[in-house]
There are 2 protein chains.
Amino acid sequence: MKTIKDIAKALNMSPSTVSRALHNEDKISLFTRERVRAYADKINYKPNHFAQSLRKQRSLSVGVVLSSIPNSFFAEVINGIESVMNSKGYFTIITQSHESYAKELSNIGHLASRAIDGLLVSVASETKDFTHFKALQDMGMPVVFFDRTISEFPTHQLVSDGFKGSYLLTQHLIEHGYTRIAHITGAPHLSTTQERLGGYKRALQEAGIAYNPSFVKYTMRGGMSEEENQYAFAQLMTAQEKPEAITTASDRLTLSIFSLAIEKGFAIPQELAMGGFNNFPGTHLFSPSLTSIQQPAFEMGKTAAEMLIELIERKKNTPAAYTVKQLQPRLLLGNSTLKK
Amino acid sequence: MKTIKDIAKALNMSPSTVSRALHNEDKISLFTRERVRAYADKINYKPNHFAQSLRKQRSLSVGVVLSSIPNSFFAEVINGIESVMNSKGYFTIITQSHESYAKELSNIGHLASRAIDGLLVSVASETKDFTHFKALQDMGMPVVFFDRTISEFPTHQLVSDGFKGSYLLTQHLIEHGYTRIAHITGAPHLSTTQERLGGYKRALQEAGIAYNPSFVKYTMRGGMSEEENQYAFAQLMTAQEKPEAITTASDRLTLSIFSLAIEKGFAIPQELAMGGFNNFPGTHLFSPSLTSIQQPAFEMGKTAAEMLIELIERKKNTPAAYTVKQLQPRLLLGNSTLKK
DNA sequence: TTGAAAGCGGTACCAC
DNA sequence: GTGGTACCGCTTTCAA
């Protein structure tokens, strides 16, 4: 691997001149700049990233902690993040928590030792303690939360309007004649869970339908555990008072519960209507086509990345005015929630 | 950020001792080791990765170049790669080519300047020139190809048996009474394209069905371009001699062509049977459920990562004996290829 | 068993 | 405009 010193020696000048020439500084004569450039190209010189980072105390890379890459929602989010980071010259290191607190903790540790310049996080569903994020932030690391956030955390946050999404879906079901509507959701302490539940309740309330707590089922692993999902579904459908419609609050849950209902032989939507949060491509090809609340995943990644860059490149002493942004979800109608 | 020097000063010893103690070297007294460990823990010391990499001339990170993260197949592959890399202490930097040669080239450049220890590549469909990979390899960078490979490239390679997958699907269709079977595939120069086409041809040949070149359509962007897909589909279905079945050679193509057929109102499988390579979860919920060839994506990532680690950690002077591994795909039967 | 010091590749301050 | 050089944090050889 060729270094600046090699170039300096070959061209008979000092390393500092070479460095400056490569950075195209005006102080260096155009002639020298050209000579250096040409030679660097010729020997295919690449700056050593570690030396640069060590010296400049910044790595031009950011870390991402999210639940799972094969989840279509997050896959699209990553795409959005990378589109921004690449154009700004930053690298993106992605880690998966698989909804586990322990994994999240160890990922954060690894990322910290990589001296990343900033961190994008969608909190694992198991996580209830935030001191590991706070510790990083106190050390000067910019942190932005997206999707699953910690509302009381002092930093930029980006969420999709889960309240609205859930509200629209529930309202849609009510308009189509359903009144016994269930809601299967994630862990109760999560912001997303609370919002989505809130939208569901509000729609019921506005329609004058009494809220029935036994129609709401929580899953601690947010749909990642098939047993948990089956249990929640069974509890709902073996009760004396069964729901006529189920809404689901996350990608995994939606796919899993829909799949279960088909498996168990429920007629959809005649016997049981279904709809939920879902970013999988192709659910319009399901039988019946699935009514979904789609979140703007790519845009979420893109915007979160922009917020992070803003924090990273802000002057150190500028006091940060943290904002919380909300993106609007879309309700995509399918046949799984048709009028009875 | 605390450094080794801080620890040394606080404990009144030299940086070298601290370094050795942290690495648990026997030369250092147990007492000292414990003292250092305890203090390092207390101040939450994390080694500076850049300094380490700069000094040791290795980064403990690997680069990955693949087509697209939101593609379920690659998302699962990434999962497999990370499971190995994390356990071995390596970091994984993922880049997407979106099937573009230019993007692939620039990704490789970025990764190289990050001084990655190794590279995992699934070649972009546009790529026809391999000198950028060769250059890296000549500089001592271990490279492993997976999925979309360059067969003549001297290194470890890992593919799924596309010939077999395609053969099984075509054979299945023939057994169910179809004879006019089409095949929509990617760019003709790709190894995967040729294999999958090969399996298709072999099955036809064994059944004594004449190969009809007008039943094979190529897409240069491998399903990423909706226009291309529509054109290929239209060409097949507006010809005088229409196929009764279509097989598709990649995830994107399978989803896209299936979607098109539904949209255009074809009765599946009565009028047109469909099946193809597909790793999307949930196609059993399609209407009709989709016959698919599933590739072992997680295992592919896992094995490719292991092969790369093997190359990285091999002693420099050991001559490499490169191997080509094949993983077996599974044929998942659905209703989209039922007997007429 | 521990310490001193050189050096990994670049950058940036200070001279000239 | 250009050169000399200290230094970023860590590892490792040599010496003690």
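By convention in this document, chain letters (A, B, ...) are assigned in the order of the sequence lines, proteins followed by strands, and residues within each chain are numbered from 1.
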Looking at B/Asp138 and B/Lys134, is there a salt bridge between them, counting it only when a charged N and a carboxylate O are closer than 4.0 Å?
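Judged by the 4.0 Å cut-off on N to carboxylate O distance, B/Lys134 and B/Asp138 do form a salt bridge.
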Under 4.0 angstrom, heavy atoms only, what part of the nucleic acid is [X] near: base, sugar-phosphate, or nothing?
X: B/Ser53; answer: nothing
X: B/Phe31; answer: nothing
X: A/Lys46; answer: sugar-phosphate

Please determine whether the number of non-hydrogen atoms from other residues, nucleotides or ligands lying under 6.0 Å from atom NZ of B/Lys103 exceeds 12.
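For B/Lys103, atom NZ is crowded (more than 12 foreign heavy atoms under 6.0 Å).
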Measure the distance from [atom1] on [X] to [atom2] on [N] and round it to the nearest whole Å.
X: A/Lys9; N: D/dG4; atom1: NZ; atom2: C1'; result: 15 Å
X: A/Glu25; N: C/dG10; atom1: CD; atom2: C1'; result: 13 Å
X: A/Asp6; N: C/dG10; atom1: CG; atom2: C1'; result: 13 Å
X: A/Leu22; N: D/dT2; atom1: CG; atom2: C1'; result: 15 Å
X: B/His23; N: C/dT2; atom1: NE2; atom2: C1'; result: 16 Å

Any idea which of [options] is nearest the [X] side chain?
X: A/Thr17; options: D/dG9, D/dG3, C/dG10; answer: D/dG3
X: B/Ser29; options: C/dT2, D/dC10, C/dG10; answer: C/dT2
X: A/Gln52; options: C/dT11, C/dT1, D/dT11; answer: C/dT11
X: A/Leu54; options: C/dT11, D/dG9, D/dT2; answer: D/dG9
X: B/Ser14; options: C/dG10, C/dG3, D/dG9; answer: C/dG3
X: B/Ile28; options: D/dG9, C/dT2, C/dG9; answer: C/dT2

Main-chain N/O of [Y] paired to [X] side chain as donor or acceptor, under 3.5 Å:
X: A/His156; Y: A/Phe146; value: no
X: A/Arg35; Y: A/Leu11; value: yes
X: B/Gln157; Y: B/Ile150; value: yes

Angle by which the axis turns from one end of the helix from C/dT1-D/dA16 to C/dC16-D/dG1 to the other, five pairs per end, to 10 degrees
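Terminal axis comparison yields 40°.
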Nearest heavy atoms of A/Ser68 and A/Phe74, plus distance in Å
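Looking at all heavy atoms of both residues, the closest pair is O-CB, 3.5 Å.
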State, to 0.1 Å, how close B/Pro142 and B/Ile312 come at their nearest heavy-atom pair, and which atoms those are.
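Residues B/Pro142 and B/Ile312, closest heavy atoms: CG-CG1, 3.9 Å.
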Please work out which of the three classes, parallel, tilted or perpendicular, describes the rings of A/Phe50 and B/Phe50, given edges at 30° and 60°.
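Answer is tilted, since the angle falls between 30° and 60°.
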Starting at the 5' end of DNA chain C, which residue's closest nucleotide do you reach first, B/Lys56 or B/Asn12?
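The residue closer to the strand's 5' end, by nearest nucleotide, is B/Asn12.
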Starting at the 5' end of DNA chain C and moving along, which residue's nearest nucleotide shows up first, B/Met13 or B/Gln57?
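Nearer the 5' end of the strand: B/Met13.
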Report, one pair per line, the protein and nucleotides 14-16 of chain D atoms (nitrogen or oxygen only) whose separation is under 3.5 Å.
none

Between B/Phe130 and B/Phe153, does the ring centre distance come in under 6.0 Å?
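Distance test on ring centres: not under 6.0 Å, no.
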Is any side-chain heavy atom of A/Glu299 less than 4.5 Å from a side-chain heavy atom of A/Ser160?
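No. Closest side-chain heavy atoms not under 4.5 Å.
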Heavy-atom donor-acceptor pair, A/Ser16 side-chain to D/dG4 base, under 3.5 Å
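Answer yes: a donor N or O sits under 3.5 Å from an acceptor.
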